[in-house]
Asker: 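Sharing a structure here in structure tokens format.
Count residues from 1 along the sequence. In each ligand, atom 1 is the first atom listed, and ligand 1 is the first ligand listed.
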Amino acid sequence: MESSVHLTQTAEWEALAAHHHELADTHLRDLFASDPDRGERLVVEAGDLYLDYSKHRLTSETIERLTDLGARVDLLGRAAAMMGGDRINTTEDRAVLHTALRAPRDAVVTLDGENVVPAVHEVLDRMRAFAEAVRSGKWTGYTGRPVRTVVNIGIGGSDLGPAMATRALRSYCHPALDVRFVSNIDGADLAHALADLDPAETLFIVASKTFTTLETLTNAASARDWLVAALGDEAAVAYHFAAVSTATEKVEAFGIDPANMFEFWEWVGGRYSLPSAIGLPLMIAIGPERFDEFLAGYRVIDEHFASAPLTENLPALMGLIGVWYVNLFDAPTHAILPYNEELVRFPAFLQQLDMESNGKRVTREGEAVDYHTGPVVWGEPGTNGQHAFFQLLHQGTRIVPCDFIGTCRPTHELDVHHDLLTANLFAQGEALAFGKPAPAVSAEGVPDELVPHRAFPGNVPSSTLLVPQLTPHVLGQLIAAYEHKVFTQGVVWDINSFDQWGVELGKALANRISPELQRAAEPELAHDSSTNALIRRYRRLRSRHA
Ligand SMILES: O=P(O)(O)OC[C@H]1O[C@](O)(CO)[C@@H](O)[C@@H]1O
């Protein structure tokens, strides 16, 4: 879309809004009654992903209107520009090439006249050799002992992706290697992670794109002190520390041997960096072959997204349907509900992916938007969520579109559990969509005064993403689908999904306040009275002997 054209003034937007006006009050019960086959028709498949979007408050016409809007903003053209190396992250003057991280060895992706794919595979080859050495015990620490625990130190995109995926694929992990993640600057995180470890058998991976992040550098420095104190020699650091970063000089300055540094590039956004060297702890955990399958999974969806027509394009439809709720139904949040305990960290991973990408209030041209952008993303695995917050989904006043994610085969032997788990998934989608109207409740003999309390309005929309099994290949597909969903929405909203200036102010203020917490002097008057009072109170109570 030409930047001078305002999204909400396009004919496609107006047509969508008019269509919403007609459909807004229609109940899913009526949509299914008048179109009984919609559960078989309003579905789309890509690779191993099966998306049922029939339980959304939409018709085929809605999909036509939404895909018209996608065409108007040239969604697939913009995807091609991203994958082709255009500098679409204009506020940082960067290309956005995470799709090149999973391109096959013989692919060509040109940036500034150079093919980036050979460098990607060179790093992957080095990662493979390193991962194999650690897994086989060939890599030995300062005292000659093999590694038993890998501790990844990173935060945000340098933590959430590998932590989520290592957890998701734990049934594929090396049985004798423990891979842990430390992210929070809260010393409780590192202290707890190290409490039962033997430094002689511990390998740290310091993961930071910029190698300037306060949390990561503080944790890494404390980890180094812990190691050196135990092994009695600075030289031990070279045996027990590796780094993943774009900043070679800073890694060296920290004291990590550049031979143990795995590079990635400024054109990889932190929240998109899992298939880069940031995935090293995952590769060590599941092994290079499984990691290759994981990357191949991403590739399946990248190729699908780049080429499928919008009406059959799974990530594009996920994104466009999300726009339908955010902008037309004013839905402020979006729930991610994996019915698979292994995906326990998937909602947190998607929070960064989605909210750091699309939590923006100005267009690419810097003009304030007059429509909502990214929703608040949240969630928890089923069935736990059912016994916690589903009450609000069923009977609250807000509309919460839900993504149910289910797996047909478990990665364990307890089949009975898995059928019960999946029965709950399907039941929730059904209950949310169709509800239980008051007459049906009365017909069961419920006293009149209780009927309003026990009726379910229904009409709560949901997608069901069903996959065969949570393998590395399928996980790669799932992540790529959400990446491209987020991209789709950013294109529609005409925002830059690849910068994150909104995280900077808090970092700067923390740097200012941090020395004030240690000084006896009054806090700087420049703070407001609330912050000053909190600083004073903290200083009074922080002493362990107070
Ligand atoms: O990898 P780095 O440079 O340490 O950054 C960690 C995270 O911090 C952020 O920049 C936000 O502060 C994220 O975008 C990023 O994933």
Side-chain angles (χ1 to χ4, degrees), residues 88-98 101 123 127 151-166 181-186 189-190 204-224 241-254 256 261-282 345-360 374 377 479 482-483 486-487 490 495-514:
I88 64 166
N89 177 358
T90 48
T91 60
E92 296 180 308
D93 190 25
R94 289 178 183 167
V96 175
L97 274 177
H98 45 273
L101 297 170
V123 174
M127 287 166 64
V151 181
N152 188 79
I153 297 178
I155 197 164
S158 301
D159 165 74
L160 286 163
M164 174 278 290
T166 304
F181 294 84
V182 170
S183 55
N184 202 322
I185 199 164
D186 184 341
D189 201 4
L190 183 69
F204 293 98
I205 299 175
V206 185
S208 175
K209 179 176 171 181
T210 55
F211 228 76
T212 58
T213 304
L214 180 72
E215 290 88 340
T216 300
L217 293 190
T218 307
N219 278 324
S222 298
R224 186 179 53 191
F241 273 77
V244 178
S245 186
T246 59
T248 317
E249 283 165 21
K250 292 194 176 83
V251 169
E252 274 186 71
F254 183 87
I256 296 177
M261 164 165 165
F262 299 87
E263 188 194 5
F264 65 116
W265 305 273
E266 66 161 31
W267 42 262
V268 183
R271 49 196 176 273
Y272 298 88
S273 63
L274 173 56
S276 75
I278 288 291
L280 182 62
L282 174 66
R345 296 294 287 155
F346 199 54
F349 168 75
L350 291 186
Q351 273 175 339
Q352 187 198 15
L353 181 68
D354 201 322
M355 294 167 78
E356 206 173 63
S357 296
N358 287 344
K360 309 288 164 65
V377 174
I479 299 169
Y482 277 96
E483 286 181 351
V486 168
F487 176 81
I495 54 181
N496 181 354
S497 300
F498 300 102
D499 61 12
Q500 56 282 319
W501 299 106
V503 301
E504 296 304 328
L505 178 61
K507 288 184 192 171
L509 292 183
N511 282 336
R512 203 175 112 201
I513 292 174
S514 161

Asker: What protein heavy atom is closest to atom 16 (O) of ligand 1, reported as residue, atom name and distance in Å?
Answerer: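 Of every protein heavy atom, G157 N, 2.7 Å lies nearest to atom 16 (O) of ligand 1.
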Asker: Answer yes or no: are there more than 12 heavy-atom neighbours, outside R345 itself, under 6.0 Å from its atom CZ?
Answerer: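 Check fails, neighbour count at 12 or below.
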Asker: Distance check, rounded to the nearest 0.5 Å: L160 atom CG versus F181 atom CZ?
Answerer: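 Nearest 0.5 Å value for the CG-CZ distance: 10.5 Å.
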Asker: May I ask whether E504 places a heavy atom under 4.0 Å from ligand 1?
Answerer: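 Flag not set, E504 not near ligand 1.
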Asker: Angle between ring planes, F487 versus F498, binned at 30° and 60°: parallel, tilted or perpendicular?
Answerer: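 Rings of F487 and F498: tilted, 30 to 60°.
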Asker: Students should be able to answer this: which protein heavy-atom is nearest to atom 12 (O) of ligand 1, and at what distance?
Answerer: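 Protein heavy atom at minimum distance: K507 NZ, 2.9 Å.
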Asker: I'd like to check W265 versus L97 (side-chain heavy atoms, cut-off strictly below 4.5 Å). Are they in contact?
Answerer: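 Not touching, per the 4.5 Å side-chain cut-off.
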Asker: Considering only heavy atoms of V503, which atoms of ligand 1 have at least one such atom less than 4.0 Å away?
Answerer: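 This gives 11 (C), 12 (O) as the contact atoms.
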Asker: Would you say atom 8 (O) of ligand 1 touches the protein, meaning some protein heavy atom is under 4.0 Å from it?
Answerer: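 Not a single protein heavy atom is under 4.0 Å away.
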Asker: Considering only heavy atoms from C-beta outward, does the side chain of F211 approach that of T216 to under 4.5 Å?
Answerer: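 Result no, sub-4.5 Å side-chain heavy-atom pair not found.
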Asker: Just to confirm my output: which protein heavy-atom neighbour is closest to atom 3 (O) of ligand 1, and how far is it?
Answerer: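 Its nearest protein heavy-atom neighbour is T210 OG1, 2.6 Å.
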Asker: Who gets closest to atom 11 (C) of ligand 1 by heavy atom: E356, R271, Q352?
Answerer: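 Shortest heavy-atom distance from atom 11 (C) of ligand 1: E356.
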Asker: Determine the minimum heavy-atom distance between S497 and G490, stating which atoms define it.
Answerer: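 What the structure gives for the nearest pair is OG-CA, 3.4 Å.
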Asker: What distance do N511 atom CG and L214 atom CG have between them, rounded to the nearest 0.5 Å?
Answerer: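 Rounded to the nearest 0.5 Å, the CG-CG separation comes out at 6.0 Å.
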Asker: For the 3.5 Å polar cut-off, considering only N or O atoms, please tell me whether G156 and ligand 1 meet it.
Answerer: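 No, there is no polar N/O contact under 3.5 Å.
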Asker: What protein heavy atom sits nearest atom 6 (C) of ligand 1, and how far away is it?
Answerer: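 Among all protein heavy atoms, the one nearest atom 6 (C) of ligand 1 is I155 O, 3.2 Å.
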Asker: Do any nitrogen or oxygen atoms of T216 come within less than 3.5 Å of a nitrogen or oxygen of ligand 1?
Answerer: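 No, no N or O pair falls under 3.5 Å.
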Asker: Around atom CD of E249, are there more than 12 heavy atoms from other residues, nucleotides or ligands closer than 6.0 Å?
Answerer: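 Atom CD in E249 is not crowded, with 12 or fewer foreign heavy atoms closer than 6.0 Å.
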Asker: For atom 5 (O) of ligand 1, find the nearest protein heavy atom and state the residue, atom name and distance (0.1 Å precision).
Answerer: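 Atom 5 (O) of ligand 1 sits closest to the protein heavy atom T213 OG1, 3.5 Å.
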